[in-house]
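Worksheet: one structure, shown below.
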Amino acid sequence: MEQSGTSTLLQGAVRDLASGVVSALRSGDHARATAPGAVDGEAEGLAVAAVRVLGADALLPSTLLHAPPLPDELAVFRKAVEAYPPRADAAPTVVWSHWAMRRTLRRLDPTFLDGPAYGQEPDADGFARASWQSLTHQLAVLAPLALPGEDSAVARVAGRRPLDLARGFVRAVRRRDWRQAAGAGRWLTLLDGVPDTLGLDTGLDFVELMGGEDPLVALQVRAARLTRTGAPA
């Protein structure tokens with residue numbers, strides 16, 4: 001029961017954090033977002049865990065709106081990076097999510113020292129060999145890596161497989177998996193070779209509508225639109 005209660009609290013914290021990011025992306029007002037400020041005890045642990053779940057997107061307003069993060073939110077983000085390193089047997093998506101957080105922290109916090117191999121990317125061969133269904137699932141999880149002008153091995157794999165990802169986007173919509181569809185759609189806004197017949201803009205509108213009140217869907221759709229237009233949507 002205690003574990004179940006903790007999980008519920010964490011889910012709520014992640015949704016609240018995502019909602020703050022969405023508000024900032026909509027308004028362009030960074031001060032209205034994002035990560036929780038400095039807190040103590042159990043509340044701090046929950047805030048740090050929520051940031052780790054959301055990953056690099058916890059500081060997405062700073063990345064896309066080019067505004068320095070607030071000191072408190074940067075401190076919480078750094079704690080999440082340092083407190084939750086991936087285990088040796090972690091899944092590739094977990095390893096790459098942590099790598100994306102470290103890259104974001106290096107860019108925003110010059111005092112963060114990441115070790116002698118800080119620039120080394122994790123292995124991405126598994127993504128290149130994945131079926132289109134598996135690729136779509138994994139890239140949707142790694143949507144925080146879908147940033148304009150940001151290179152990575154994962155982004156290069158995505159760039160070579162726009163048709164597979166477009167196919168996965170359609171499949172996710174048909175399956176009513178709005179989070180996966182939104183994450184895949186965010187990647188597709190960055191890629192060349194996406195067929196016009198996909199109707200990506202209309203598709204993203206539909207995903208946002210059907211995603212209802214889920215801020216994790218709204219976050220990906222807003223990020224996709226901001227990437228496409230260069231201004232808050």
Side-chain angles (χ1 to χ4, degrees), residues 4-37 39 43-65 67 69-70 72-74 76-77 79-80 84 93-94 97 100-101 104 136-148 169 172-173 175-190 200-229 231-233:
S4 176
T6 301
S7 177
T8 300
L9 287 173
L10 178 56
Q11 291 175 25
V14 172
R15 291 176 66 90
D16 289 345
L17 178 56
S19 295
V21 172
V22 171
S23 293
L25 295 180
R26 281 176 173 161
S27 67
D29 181 5
H30 176 268
R32 292 182 55 188
T34 49
V39 288
E44 179 183 37
L46 190 62
V48 171
V51 169
R52 181 61 191 92
V53 171
L54 203 60
D57 276 347
L59 291 182
L60 188 59
S62 293
T63 299
L64 289 183
L65 302 178
L70 302 175
D72 283 350
E73 69 181 18
L74 187 60
V76 173
F77 189 89
K79 286 180 181 178
Y84 293 101
T93 51
V94 174
S97 175
M101 292 184 74
T104 298
T136 303
H137 168 73
Q138 293 180 91
L139 288 184
V141 172
L142 293 176
L145 282 162
L147 297 170
F169 175 79
V173 170
R175 292 164 62 94
R176 304 177 70 84
D177 188 341
W178 308 123
R179 289 186 183 181
Q180 185 174 124
R186 178 173 168 184
W187 276 105
L188 287 166
T189 62
L190 292 174
L200 182 57
D201 289 330
T202 301
L204 286 170
D205 288 344
F206 181 71
V207 169
E208 183 178 40
L209 175 65
M210 298 304 292
E213 300 299 318
D214 188 344
L216 294 170
V217 172
L219 188 158
Q220 302 301 344
V221 173
R222 291 291 167 176
R225 288 181 179 149
L226 189 56
T227 296
R228 220 161 169 77
T229 66

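Pro148 approaches Leu64 most closely through the heavy-atom pair CD-CD2, 3.9 Å. A pairwise comparison of heavy atoms in Leu59 and Pro69 identifies CD2-CB, 4.3 Å as the closest pair. The minimum heavy-atom distance linking Leu10 with Ala50 is given by the pair CD1-N, 3.7 Å. Closest heavy-atom contact between Met101 and Ala80: CE-CB, 4.0 Å. Closest heavy-atom contact between Ala218 and Arg26: CB-NH2, 4.4 Å. A pairwise comparison of heavy atoms in Leu142 and Trp187 identifies O-CZ2, 3.4 Å as the closest pair.
Side-chain atoms of Ser19 come within 3.5 Å of backbone atoms of Arg15 as a donor-acceptor pair (strictly under, hydrogens ignored).
Residues Arg225 and Asp205 have side chains in contact (heavy-atom distance under 4.5 Å, counting atoms from C-beta outward). Contact check for Val14 versus Leu216: side-chain heavy atoms found under the 4.5 Å cut-off. Looking at heavy atoms from C-beta onward, Asp57 lies in side-chain contact with Gln220 at the 4.5 angstrom threshold. Side-chain contact between Val221 and Val22 is absent, with no heavy atoms from C-beta onward closer than 4.5 Å. Counting heavy atoms from C-beta on, the side chains of Asp201 and Arg228 come closer than 4.5 Å. For the pair Asp177/Arg179, a side-chain contact is recorded, criterion being any heavy-atom separation below 4.5 Å from C-beta on. Side chains of Gln180 and Thr136 form a contact here, defined as non-hydrogen atoms less than 4.5 Å apart. Between Leu188 and Leu204, the closest side-chain pair of non-hydrogen atoms is not below 4.5 Å.
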Apply the test side-chain contact (heavy atoms from CB on, under 4.5 Å) to residues Leu60 and Leu54: give CA-CA distance (whole Å), side-chain angles for both, the deciding distance (0.1 Å), then the verdict. CA-CA 10 Å; Leu60 188 59; Leu54 203 60; over 6 Å; no
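If you take CG on Leu46 and CG on Asp16, they are separated by 9.5 Å, rounding to the nearest 0.5 Å.
For Arg52, the salt bridge (Lys or Arg N to Asp or Glu O under 4.0 Å) test picks out no residue, with sequence neighbours left out. The side chain to side chain contact (heavy atoms under 4.5 Å, CB included) search around Val173 returns Phe169, Trp178, Ala181, Phe206, Val207, not counting sequence neighbours.
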